[in-house]
Colleague: 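Sharing a structure below in structure tokens format, with a few things to ask.
We number each residue from 1, following the sequence as shown.
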Amino acid sequence: MKRKLAVLLMTALTASALLSGCGNQADGAGSTADGAGSTTDSAADAETGNAADSAEDTTEASGTEDAADTADVQADDASGEKVVLKAVCDLTPHSEILNAASDLLAAEGIELDIVSTTWDATWNDMLIDGEIDFAYFMHVPAMESIEEEMGATLYSMGGIHVEPYACFSDKYATKEELPENAVIAIPNDSSNEYRALKVLEAEGFIKLDPAMTAIDASIQKVEEYLIPIEIVEMDQANIIPSAADFDAYFVNVNRALEASIDTTSYLMREGEDSEYANIITVTEANKDNESIKKLVEILQSDEIKQFIADQFNGAVIPAKN
């Protein structure tokens with residue numbers, strides 16, 4: 001019995017020792033877990049700190065870039081912004097003259113946006129409605145005709161070049177070769193019809209009503225045919241395509257140039273003192289526009305006058321100003 005009690009006592013002591021060891025291991029494990037937790041917290045703190053530093057660096061960099069951008073904008077403002085002027089003009093010689101002036105204009109901070117070089121009736125609307133800043137295709141009588149027709153107020157900013165109105169023929173080399181009752185086509189828009197009729201009068205073919213103006217010009221204003229001819233009025237755009245149907249025809253020199261007609265082989269034409277200079281035309285909104293005034297100044301400069309003289313061999317001449 002005593003022996004049995006001793007065995008039981010020994011067993012209890014051993015179990016107690018084992019339990020005590022397990023408890024220490026659990027505590028150790030707990031300590032290890034706490035250590036891992038501390039390590040994780042430290043890593044998290046470090047990561048948060050790094051993120052904060054990174055964000056701070058990004059903010060500083062962004063701030064630097066914004067400051068640089070602002071400085072650039074301020075510098076652009078200080079140097080003056082580029083001005084873009086929208087325009088319509090005939091292809092030849094108008095767009096060529098404008099392009100010849102591009103470097104001189106750029107030096108003044110002016111760039112041209114030529115919206116169209118193919119004429120149609122919408123050009124007048126575009127100008128009057130403010131879709132473009134200026135037009136370069138008409139002379140003063142044409143401008144006045146458009147004003148009357150459309151009830152608008154337009155302004156000439158200055159004459160740039162003259163295209164002496166001329167009569168050409170695909171059949172005859174001189175006006176003396178024209179046969180009796182020669183059929184001659186002239187444009188039916190009043191200002192150009194006026195010019196054609198005035199040339200025919202100056203060359204001795206007809207006598208006109210002295211009261212005829214560029215507004216009311218028509219063949220009804222012919223008082224007498226001094227040399228028998230037949231005059232046909234038609235849309236100017238159709239004259240050159242129909243040239244074979246006529247003995248002679250009147251067109252603007254720019255139309256002749258576009259059609260590769262030799263503009264030195266005319267039968268008759270206006271003198272170089274023609275009052276029909278092609279002008280820069282604007283509305284009320286742009287009559288005081290400093291950039292357009294600078295444009296006209298450049299287009300009337302000696303450099304551009306020389307370009308016109310060299311480029312067009314007398315078919316186009318600088319306007320007097």
Colleague: Using the rule side-chain contact (heavy atoms from CB on, under 4.5 Å), only one of Gln300, Lys293, Met157 pairs with Ile280; which is it?
Modeller: Met157
Colleague: Tell me, with the steps shown, if Asn278 and Val316 meet side chain to side chain contact (heavy atoms under 4.5 Å, CB included).
Modeller: CA-CA 10 Å; Asn278 280 238; Val316 179; over 6 Å; no
Colleague: Of all the heavy-atom pairs spanning Ser102 and Asn99, show the shortest one and how long it is.
Modeller: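 In terms of heavy atoms, the two residues are closest at OG-O, 2.8 Å.
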Colleague: Just by distance, do the side chain of Asn286 and the backbone of Asp133 share a donor-acceptor pair under 3.5 Å?
Modeller: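 Answer holds: yes.
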Colleague: Quick one, Asp189 with Asn192, criterion side chain to side chain donor-acceptor pair (under 3.5 Å). Give me CA distance, side-chain angles, the key distance, then yes/no.
Modeller: CA-CA 6 Å; Asp189 59 288; Asn192 284 322; 2.9 Å; yes
Colleague: Just do the side chain to side chain donor-acceptor pair (under 3.5 Å) check on Tyr155 and Glu284 with the steps written out, would you?
Modeller: CA-CA 7 Å; Tyr155 298 85; Glu284 174 81 25; 2.6 Å; yes
Colleague: So which atom in Ala277 and which in Gly159 form the shortest heavy-atom distance, rounded to 0.1 Å?
Modeller: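 Residues Ala277 and Gly159, closest heavy atoms: CB-CA, 4.2 Å.
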Colleague: Closest heavy-atom contact between Trp123 and Ile132?
Modeller: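 For Trp123 and Ile132, the tightest heavy-atom pair comes out as O-CD1, 4.5 Å.
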Colleague: Carefully, step by step, assess Gln306 and Asp302 under the rule side chain to side chain donor-acceptor pair (under 3.5 Å).
Modeller: CA-CA 6 Å; Gln306 190 61 51; Asp302 290 340; over 6 Å; no
Colleague: Taking all non-hydrogen atoms of both residues, which atom of Val251 and which atom of Gln236 are closest, and how far apart?
Modeller: CA-OE1, 3.6 Å
Colleague: Would you check if Leu104 and Ile304 make a side-chain contact, meaning some heavy-atom pair closer than 4.5 Å?
Modeller: yes
Colleague: Roughly how far, to the nearest 0.5 Å, is CD1 of Ile114 from CG of Leu98?
Modeller: 5.0 Å
Colleague: Report the C-alpha distance between Arg195 and Glu270 in whole Å, list the side-chain angles of each, state the deciding distance to 0.1 Å, and finish with yes or no for salt bridge (charged side-chain N to carboxylate O under 4.0 Å, His left out).
Modeller: CA-CA 8 Å; Arg195 298 174 74 182; Glu270 292 174 326; 2.7 Å; yes
Colleague: Report the distance from atom NZ of Lys287 to atom OG of Ser156, rounding to the nearest 0.5 Å.
Modeller: 13.5 Å
Colleague: Could you tell me if the side chain of Leu105 sits less than 4.5 Å from the side chain of Leu112, heavy atoms only?
Modeller: yes
Colleague: Please walk me through it: do Ile206 and Leu226 pass side chain to side chain contact (heavy atoms under 4.5 Å, CB included)?
Modeller: CA-CA 5 Å; Ile206 59 176; Leu226 304 176; 5.7 Å; no
Colleague: Do Asp125 and Thr122 have side-chain atoms, one donor and one acceptor, less than 3.5 Å apart?
Modeller: no
Colleague: What I'd like to find out is whether the side chain of Ile261 reaches to under 4.5 Å of the side chain of Asp170, using heavy atoms alone.
Modeller: no
Colleague: Between the side chain of Asp209 and the main-chain N/O of Ala211, is any donor-acceptor distance below 3.5 Å?
Modeller: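 Flag set: sc Asp209 to bb Ala211 pair under 3.5 Å.
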Colleague: Are Ile227 and Ile219 linked, directly or through intermediate hydrophobic residues, by side-chain heavy-atom contacts shorter than 4.5 Å (ILVMFWY only)?
Modeller: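 Same cluster: Ile219 reaches Ile227 through Ile, Leu, Val, Met, Phe, Trp or Tyr contacts under 4.5 Å.
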Colleague: To the nearest 0.5 Å, what is the distance between NZ on Lys305 and CD1 on Ile97?
Modeller: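 CD1 of Ile97 is found 12.5 Å from NZ of Lys305.
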Colleague: Set out, in order, the CA-CA distance, both residues' side-chain angles and the distance that settles side chain to side chain donor-acceptor pair (under 3.5 Å) for Glu96 and His94, then state yes or no.
Modeller: CA-CA 5 Å; Glu96 296 172 71; His94 307 67; over 6 Å; no
Colleague: Rounded to the nearest 0.5 Å, what separates atom CD1 in Ile160 from atom CD1 in Ile279?
Modeller: 9.5 Å
Colleague: Hey, what do you get for CE (Met234) to OG (Ser242), rounding to the nearest 0.5 Å?
Modeller: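 The CE atom of Met234 sits 4.0 Å away from the OG atom of Ser242.
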Colleague: Are the side chains of Asp247 and Ile184 in touch, meaning some heavy atoms are under 4.5 Å apart?
Modeller: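 A side-chain contact under 4.5 Å is absent here.
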Colleague: Are Val84 and Ile298 in one and the same hydrophobic cluster, where Ile, Leu, Val, Met, Phe, Trp and Tyr link if side-chain heavy atoms are under 4.5 Å apart?
Modeller: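 Each belongs to a different hydrophobic cluster.
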Colleague: I would like to know whether Phe134 and Leu295 meet side chain to side chain contact (heavy atoms under 4.5 Å, CB included); could you show each step before the answer?
Modeller: CA-CA 11 Å; Phe134 71 90; Leu295 164 73; 3.6 Å; yes
Colleague: Report the distance from atom CD of Glu297 to atom CG of Leu299, rounding to the nearest 0.5 Å.
Modeller: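 Atom-to-atom, Glu297:CD and Leu299:CG are 10.0 Å apart.
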Colleague: Give a yes or no on whether the backbone of Phe307 and the side-chain of Asp310 come within a donor-acceptor separation of less than 3.5 Å.
Modeller: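 Such a contact is absent between Asp310 side chain and Phe307 backbone.
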Colleague: Can you check whether Ile146 reaches Met138 side chain to side chain, under 4.5 Å on heavy atoms?
Modeller: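 Yes. Closest side-chain heavy atoms under 4.5 Å.
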Colleague: Within the distance-only criterion (no hydrogens, no angle test), does the side chain of Glu177 pair as donor or acceptor with the backbone N or O of Ala173 below 3.5 angstrom?
Modeller: yes
Colleague: Report the C-alpha separation of Thr263 and Leu257 in whole Å, then their side-chain angles, then the decisive distance to 0.1 Å, and conclude whether the side chain to side chain contact (heavy atoms under 4.5 Å, CB included) test is met.
Modeller: CA-CA 7 Å; Thr263 54; Leu257 289 169; 3.6 Å; yes
Colleague: Determine whether Tyr225 and Leu267 fall in the same hydrophobic cluster, where Ile, Leu, Val, Met, Phe, Trp and Tyr are linked whenever their side-chain heavy atoms lie under 4.5 Å apart.
Modeller: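 The answer is yes; both residues are in one hydrophobic cluster.
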Colleague: Could you check whether any side-chain heavy atom of His161 comes within less than 4.5 Å of a side-chain heavy atom of Pro318, counting everything from C-beta outward?
Modeller: no
Colleague: For the side chain of Glu201 and the backbone of Lys207, is there at least one donor-acceptor N/O pair under 3.5 Å apart?
Modeller: no
Colleague: Measure from the ring center of His139 to the ring center of Tyr165 and say whether it is less than 6.0 Å.
Modeller: no
Colleague: Do Lys221 side-chain atoms and Pro210 backbone N/O form a donor-acceptor pair below 3.5 Å?
Modeller: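 Between the backbone of Pro210 and the side chain of Lys221 there is no qualifying donor-acceptor contact (under 3.5 Å).
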Colleague: Could you tell me whether the side chain of Ser95 and the main chain of Thr92 form a donor-acceptor pair under 3.5 Å?
Modeller: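 Checking the backbone N and O of Thr92 against the side chain of Ser95, no donor-acceptor pair under 3.5 Å is found.
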Colleague: Can you tell if the side chain of Asp90 reaches within under 4.5 Å of the side chain of Tyr136, non-hydrogen atoms only?
Modeller: no
Colleague: What heavy-atom pair brings Met212 and Leu197 nearest, and what distance separates the two atoms?
Modeller: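 Looks like SD-CD1, 4.0 Å.
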Colleague: For the CG atom on Asp262, are there more than 12 heavy atoms of other groups (residues, nucleotides or ligands in this structure) within a distance under 6.0 Å?
Modeller: yes
Colleague: If the threshold is 4.0 Å, N to carboxylate O, is there a salt bridge linking Glu131 and Lys86?
Modeller: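 Salt bridge flag = no for Lys86 with Glu131.
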Colleague: Looking at side-chain heavy atoms only, is the closest gap between Cys167 and Arg269 below 4.5 Å?
Modeller: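 No, side chains not in contact.
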Colleague: List the atom of Ala196, the atom of Pro187, and the distance in Å for their closest heavy-atom pair.
Modeller: CB-CD, 4.4 Å
Colleague: Let me check something: do Ile239 and Tyr172 share a hydrophobic cluster, defined by ILVMFWY side-chain heavy atoms less than 4.5 Å apart, either directly or through other members?
Modeller: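 Cluster IDs for Ile239 and Tyr172 differ.
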Colleague: Establish whether Ile229 and Val183 are linked, either directly or via other cluster members, by ILVMFWY side-chain heavy-atom contacts under 4.5 Å.
Modeller: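 No, no single cluster joins them.
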Colleague: Can you list the residues that meet the side chain to side chain contact (heavy atoms under 4.5 Å, CB included) rule with Ser291, with sequence neighbours excluded?
Modeller: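 Testing Ser291 for side chain to side chain contact (heavy atoms under 4.5 Å, CB included), a comparison that skips the adjacent residues, returns Val83, Leu85, Ile110, Asn289.
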